**Q** 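First the structure, then my questions, so here it is.
Predicted model, so just to flag it, every value in this text is computed and none were measured. Chain A is the first sequence line, chain B the second, and so forth, proteins listed ahead of strands; every chain is numbered from 1.
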Amino acid sequence: MAQISLTFPDGNAKPFDAGITAAEVAAGISNSLSKKAISATVNGAHWDLQWPIEEDASIAIHTLKDDAQALELIRHDCAHIMARAVQAIWPDVKVTIGPVIEHGFYYDFDRAEPFTPEDLGQIEAKMKEIINARDGVRTEVWARDRAIAHYEANNEPYKVELIEAIPGDEPLRMYWHGDWQDLCRGPHLQHTGQVPADAFKLMSVAGAYWRGDSSRSMLQRIYGVAFKNRDDLRKHLNMLEEAAKRDHRKLGREMNLFHMQEEAPGQVFWHPNGWTVYTTLQDYMRRRQRQFGYVEVNTPQVVDRKLWEASGHWEKYQENMFIVEVDEEHAREKAINALKPMNCPCHVQVYNQGLKSYRDLPLRMAEFGACNRYEPSGALHGLMRVRGFTQDDAHIFCTEDQIQAETALFLKMLSSVYEDLGFESFDIKFSTRPEVRAGSDEVWDKAEAALEAAIRTVTDEFELDPGEGAFYGPKLDFKLTDAIGREWQLGTFQADFVLPERLDATYVGEDGAKHRPVMLHRAILGSFERFLGILIENFAGRFPLWLAPRQVVVASIVSEADGYVQEAVAALTAAGLRAEADIRNEKINYKVREHSLGKVPYILAVGRKEVEDRTVTVRKLGEKQTQVVNLDQLIPELAKEATPPDQQAG
RNA sequence: GCUGCUGUAGCUCAGAGGUAGAGCACUCCCUUGGUAAGGGAGAGGUCGAGAGUUCAAUUCUCUCCAGCAGCACCA
């Protein structure tokens with residue numbers, strides 16, 4: 001038998017017979033490793049212990065201590081065990097696929113009856129039985145024909161379709177958990193008992209299309225989470241609870257920021273509190289845009305379909321546009337308009353007024369553009385996905401040679417804005433030319449190189465997504481992470497070679513001839529609605545003072561202090577703070593509780609002492625202790641804290 | 001849009017084929033109280049909309065609307 005050499009993580013190499021399994025290697029090292037082993041990494045690939053190794057390789061044996069591998073296997077085995085449990089309870093359920101996802105796993109089933117929440121408990125119990133049985137996991141490689149025949153015989157049509165969709169005719173890997181069998185790439189654990197029985201939980205049932213295709217049948221998907229131990233599971237469940245507490249829909253109601261109602265699904269009624277945050281943010285963005293050399297414009301809401309036809313949006317997005325038909329008595333035909341779903345074509349109209357020279361470029365045109373899109377009903381979600389929204393939109397008209405500098409300038413602005421708004425870091429995704437695209441390879445080469453060079457002036461760490469650019473140009477997407485670790489995609493930056501062409505935008509070059517400008521679409525917040533949703537959740541409603549809708553409440557302890565309360569509020573207001581008086585006939589405990597729940601950053605309590613000394617007792621949101629401060633000293637301090645970050649001195 | 005679930009007072013929720021319930025919030029009265037709910041009284045509902053079954057529907061059935069979870073979609 002041929003010999004191979006396996007190199008261990010410590011650098012030692014040892015000879016073995018070709019075809020040795022990782023399990024046998026582990027067994028050769030120690031008995032305890034053999035028991036604890038879960039998988040291996042062989043030449044960088046995650047390797048099932050039962051798979052033979054045929055050639056020289058590096059090898060590392062994994063135990064439950066190796067987080068990445070352990071979690072992947074636990075979750076993947078959980079998916080199989082869940083499918084086995086489901087078929088054990090309901091033998092006629094058809095199985096499809098069950099992958100690992102972030103925090104857990106799911107499996108899609110085809111079953112006539114819907115699964116109920118009570119079913120989940122029953123399935124969980126069955127899964128625990130299977131885990132406790134410590135059934136061995138076994139794997140074999142089968143010829144395709146044999147596998148297809150097997151699944152046809154077992155009446156598992158989805159599996160047959162899966163196999164038929166796998167390209168080539170390599171043999172297929174089959175897995176058994178005990179008697180239960182599934183088609184699976186692997187790897188898996190050695191036996192079901194290696195899955196911790198107290199560290200997983202089935203979370204929910206929901207519909208999901210077979211193969212992710214909305215024209216195919218709807219399956220039932222059961223989601224589960226799984227971890228290495230009960231503690232990690234508990235932490236995860238706590239995190240979910242924390243996220244639920246921060247839900248912007250809940251906080252929006254509690255803090256009286258906004259509401260939504262049936263008559264205007266997907267659109268926001270902003271209340272005074274919410275609108276204060278909104279306009280404060282908008283004022284901030286307006287200042288930043290000016291600082292970065294943008295001009296601001298405003299364009300119409302209702303625009304004739306002709307423009308959308310010219311831009312190409314009518315053809316592609318008609319179903320998602322709000323159509324406005326005007327039927328005037330004397331008109332020959334109905335005028336068909338659409339509510340603006342985006343601002344770009346309108347900005348080109350502004351650009352096209354008057355002849356532009358290369359001296360006018362780059363032209364950075366910004367608009368807080370109110371847009372309406374008829375989003376599918378199932379997509380709506382609080383402020384995060386709405387039908388009426390306002391983008392912090394801008395288009396930069398420039399020459400090809402200016403792309404790099406404009407990209408770099410934009411990155412500078414974006415990182416500065418995110419930092420001001422409380423997000424320390426962000427990730428960049430760079431999407432390059434797709435298969436089907438407009439524009440010459442030469443232009444794409446140039447644009448992609450410019451974008452990449454610009455990114456590299458900021459960071460070398462970015463995610464490359466080849467082929468995922470828009471058909472009209474390469475793009476950058478920006479993701480940031482919030483206070484509890486969730487990621488949000490916000491900003492975007494897209495080069496566009498097509499729209500200037502379609503809408504005939506030109507400039508006169510140095511050579512006196514007409515040229516096409518490049519259009520750079522960009523947004524930093526995305527939309528105010530969504531961004532505010534994210535801000536609410538990121539801060540859990542506890543906005544920094546400059547953004548807080550209600551900044552200071554001055555509360556009287558006894559009614560004798562009412563006059564002083566009013567005086568203090570007037571002084572705070574004069575200093576530019578959003579201050580309110582609370583002189584209701586209520587106890588201070590009651591007022592403190594109410595304004596704390598309302599997330600007011602500062603409560604200033606005044607009683608007889610304070611009136612006499614011209615002080616206030618300050619209670620900061622989230623802190624229990626109070627501090628007596630001279631009113632005249634406090635006001636400038638609060639005013640400073642309430643100054644937006646871009647206006648802070650020094 | 002699709003699958004499943006939900007819709008009762010401003011909010012959170014209970015309820016049952018036959019005058020609709022609680023807590024908080026709201027209004028009024030008493031209370032002037034020192035840092036997360038002082039006491040009392042009162043007002044408040046076309047039970048999401050429409051149709052059907054029934055002597056009788058908020059309750060059962062159907063259709064629609066909206067919301068929630070997920071999927072699909074997201075210029």
**Q** Measure from the side-chain heavy atoms of A:A208 and tell me the nearest of B:rC71, B:rU32, B:rG34.
**A** B:rC71
**Q** What nucleotide, of B:rA75, B:rA72, B:rA69, holds the atom closest to the side chain of A:M342?
**A**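 Nucleotide nearest to A:M342's side chain: B:rA75.
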**Q** Considering just the side-chain nitrogens and oxygens of A:H381, establish if one lies under 4.0 Å of OP1 or OP2 belonging to B:rA69.
**A** yes
**Q** Could you check how far CD of A:Q627 sits from P of B:rG34, rounded to whole Å?
**A**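 Result: 21 Å.
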**Q** Round to a whole Å and report the spacing from CD of A:E262 to P of B:rC65.
**A** 11 Å
**Q** At less than 3.5 Å, do the side-chain atoms of A:E610 and the base atoms of B:rG34 form a donor-acceptor pair?
**A** yes
**Q** Enumerate all atom pairs, one protein N or O and one N or O from nucleotides 59-64 of chain B, separated by less than 3.5 Å.
**A**
none

**Q** Could you say whether the aromatic ring of A:Y590 and the base of B:rA37 stack, counting only centre distances under 5.5 Å and plane angles under 30°?
**A** no
**Q** Is it the case that B:rC11 (base atoms only) and A:R253 (side chain only) share a donor and an acceptor within less than 3.5 Å, ignoring hydrogens and angles?
**A** no
**Q** Out of B:rG34, B:rA72, B:rA36, which nucleotide sits closest to the side chain of A:P376?
**A**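 Within the option list, the nearest is B:rA72.
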**Q** Please determine whether a side-chain nitrogen or oxygen atom of A:R249 lies at a distance below 4.0 Å from atom OP1 or OP2 of B:rA69.
**A** yes
**Q** Under 4.0 Å from OP1 or OP2 of B:rU35: is there any side-chain N or O of A:T626 that close?
**A** no
**Q** Is there a side-chain polar atom (N or O) of A:R608 under 4.0 Å from OP1 or OP2 of B:rU32?
**A** no
**Q** OP1, OP2 of B:rG70 versus side-chain N and O of A:Y209: anything below 4.0 Å?
**A**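 Result: no.
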**Q** Does B:rU19 sit syn or anti, given that only angles within 90° of 0 count as syn?
**A** syn
**Q** I want to verify a distance call: between B:rU35, B:rC71, B:rC74, whose nearest atom is closest to the A:I588 side chain?
**A** B:rU35
**Q** Please determine, for the side chain of A:E586, which listed nucleotide (B:rG38, B:rG34, B:rU35) has the closest atom?
**A** B:rG38
**Q** Considering the options A:R486, A:R246, A:R530, which one meets the salt bridge (Lys or Arg N to Asp or Glu O under 4.0 Å) requirement together with A:E537?
**A**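 Between A:E537 and the candidates, salt bridge (Lys or Arg N to Asp or Glu O under 4.0 Å) is satisfied uniquely by A:R486.
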**Q** Identify the two heavy atoms, one from A:A571 and one from A:I635, that lie closest to each other, and give their separation to 0.1 Å.
**A** CB-CD1, 3.5 Å
